[in-house]
Amino acid sequence: MTRVVTLTGGVDSSWNLMNMINRVDSHYENIRPLYMDFKQGQDASFAEFVLGTEIAHRLLKQSQGFQSPLEWISPPENFFPDVRVTKNHQLGARLSQQGYTILGLARVMDKVLGESPGSTATVGWNMADTVEASGAQAEWSIDDYARLKRMYSDLIYFQDHGYRAAPLLTPAWDMDKYEMWSALPQNVQELITVASHYQVGIRYIPGEEYFYIVVDHERCGKALRYRRRGIVLTRAWRIRLDDEFYRRVYTGNFPAEMLGGGPRKFLKDLKEKRDPYRNLVIGHDDPHLDIKTYNSEEWANVELALEVRWSHYNGKESECVDAPDGEVASSRSEGDSGNQHDGEVRVETSGTDVGFSERVSEVGQGAASAS
């Protein structure tokens, strides 16, 4: 039997995965983390995937029972259409995540159920993220989530597998956020991400062996609600660009469709080396990612040092800016029409997303992810 569980690196999905790992039997069941890129923010997708893989690995290493490797699963590439929001949000902010979650889950479960009858799908929905509880702009309602669960059952039913399939499982639905957070190991808590694309920055100076993921929690309503509940989130992460990092991202589960800024530099071989048909597999004895975490106070000092190194690198680049291979680019992703980033206020040399200037917050953000 296969247990598919969505994993975005948030509190809810990480808690679901932890319970799954602690409960299932390695001899009769296997666990498949599911990551889906909805094309609504490449920076957040990048951070969710990279940190989410390490969350899964750390949970697996601490398991006293389940010891089998975790094999990721994802819908086919380009399964979801692009989501664009025009300047001044003339078309409105499309809240597609949870609807896409159901469509993606039903797509992957069609194959899973065909191979392993009785398999289940689990998603990290929590009642605290509904519009009734959070008051967040453009959030789904409690009734909407009930309709989404019925939608999943209807899609599975009409796949005609010949037997009654289990409904969509939502064990975190009525759990308290702080209780779930407190149940997670400390080395998993430090990897939890709660932010949309507009609060996440990927910073990298070409030639260095590390890159940085930085989150501005002051501009994220959900992160502020977490803080009021006593959940202290990590401000930034430094991650080494080593063999294990590249092994994880050169897979078909990695959200590679719309990478911009810093990742364009250190993933320049992505198109040649990534295998879209290979799933990421992480076993108990595989190496960890080399990650260092920073709280707000620690990051302030690191950011100053990073800015000095960036200024030094930028000065060298300016000497070659008129050369044929010189590049001056904004932090937009390749192929971006630009509409998504009309709220950006900085332009950076060489396409790196160092981003020391603040971003202008986007009106209409606040949709909950499927965490």
Side-chain angles (χ1 to χ4, degrees), residues 1-10 12-36 49 52-76 79 98 100-126 145 148-175 180 183-185 188 248 251-253 277-286 370-371:
M1 181 184 297
T2 298
R3 304 289 190 180
V4 174
V5 54
T6 59
L7 180 62
T8 64
D12 312 322
S13 66
S14 299
W15 183 82
N16 277 342
L17 180 61
M18 179 185 70
N19 286 342
M20 195 82 69
I21 287 176
N22 291 339
R23 187 180 74 242
V24 304
D25 190 326
S26 297
H27 297 291
Y28 303 103
E29 300 173 274
N30 64 86
I31 297 173
R32 302 201 63 178
L34 168 65
Y35 187 78
M36 295 180 282
F49 180 82
T53 64
E54 188 59 21
I55 287 172
H57 192 201
R58 294 183 182 186
L59 289 172
L60 183 62
K61 291 283 283 188
Q62 296 175 56
S63 171
Q64 300 299 313
F66 189 85
Q67 299 292 312
S68 298
L70 300 172
E71 181 180 359
W72 266 247
I73 189 170
S74 299
F79 181 75
Q98 307 304 358
Y100 279 5
T101 296
I102 296 302
L103 294 176
L105 269 172
R107 174 64 174 80
V108 300
M109 289 304 295
D110 187 15
K111 181 177 181 180
V112 169
L113 288 167
E115 297 173 347
S116 178
S119 297
T120 62
T122 299
V123 65
W125 290 344
N126 184 267
Y145 279 100
L148 287 164
K149 289 191 70 171
R150 292 196 299 271
M151 175 180 169
Y152 172 83
S153 294
D154 288 343
L155 289 172
I156 297 299
Y157 175 83
F158 285 105
Q159 289 170 359
D160 197 17
H161 291 285
Y163 54 85
R164 187 187 69 83
L168 182 63
L169 305 181
T170 56
W173 176 251
D174 55 359
M175 288 293 298
M180 289 190 288
L184 295 171
V188 169
R248 296 187 188 188
T251 63
N253 312 107
Y277 303 104
R278 179 173 68 88
N279 288 322
L280 172 63
V281 178
I282 294 182
H284 187 275
D285 296 326
D286 283 328
S371 62

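- Note that CG of L168 and OG1 of T122 are 7.5 Å apart. Values are rounded to the nearest 0.5 Å.
- Atom CG in L34 sits 6.5 Å away from atom OG1 in T6 (nearest 0.5 Å).
- A donor-acceptor contact shorter than 3.5 Å links the side chain of H57 to the backbone of D286.
- Annotation: R278, atom CZ; neighbour count of heavy atoms from other residues, nucleotides and ligands within 6.0 Å is above 12.
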Only pairs under 3.5 Å count here: list side-chain donor-acceptor contacts from residues 67-75, not counting sequence neighbours, and write none if there are none.
| unit_1 | atom_1 | unit_2 | atom_2 | d |
| --- | --- | --- | --- | --- |
| Q67 | OE1 | H284 | NE2 | 3.4 |
| Q67 | NE2 | S63 | O | 2.9 |
| E71 | OE2 | R32 | NH2 | 3.4 |
| E71 | OE2 | N279 | ND2 | 3.3 |
| S74 | OG | Y35 | O | 2.8 |
| S74 | OG | N253 | ND2 | 3.1 |

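- Looking at N16, its side chain never comes within 3.5 Å of a backbone N or O of P171 through a donor-acceptor pair.
- Residues L59 and S14 share a closest heavy-atom pair of CD1-O, 3.8 Å.
- Screening residues 55-69 for salt bridge (Lys or Arg N to Asp or Glu O under 4.0 Å) gives E54-R58, R58-E190 as the qualifying pairs, with residues at least two apart or on separate chains.
- Side-chain atoms of R3 and T120 include a donor-acceptor pair closer than 3.5 Å.
- In terms of heavy-atom proximity, S119 sits nearest to M1 at CA-CG, 3.8 Å.
- Between W15 and N126, the closest side-chain pair of non-hydrogen atoms is not below 4.5 Å.
- With rounding to the nearest 0.5 Å, the separation of CG in L17 from CD1 in I55 is 9.0 Å.
- Identified under the side chain to side chain donor-acceptor pair (under 3.5 Å) test for residues 152-163, with sequence neighbours left out: D110-H161, Q159-H161.
- Using a 4.5 Å heavy-atom threshold, the side chains of L105 and I156 count as separate.
- Looking only at side-chain heavy atoms (C-beta outward), V188 and M18 stay at 4.5 Å or farther from each other.
- M36 approaches G104 most closely through the heavy-atom pair SD-CA, 3.5 Å.
- The shortest non-hydrogen separation linking G283 to L60 is C-CD2, 3.8 Å.
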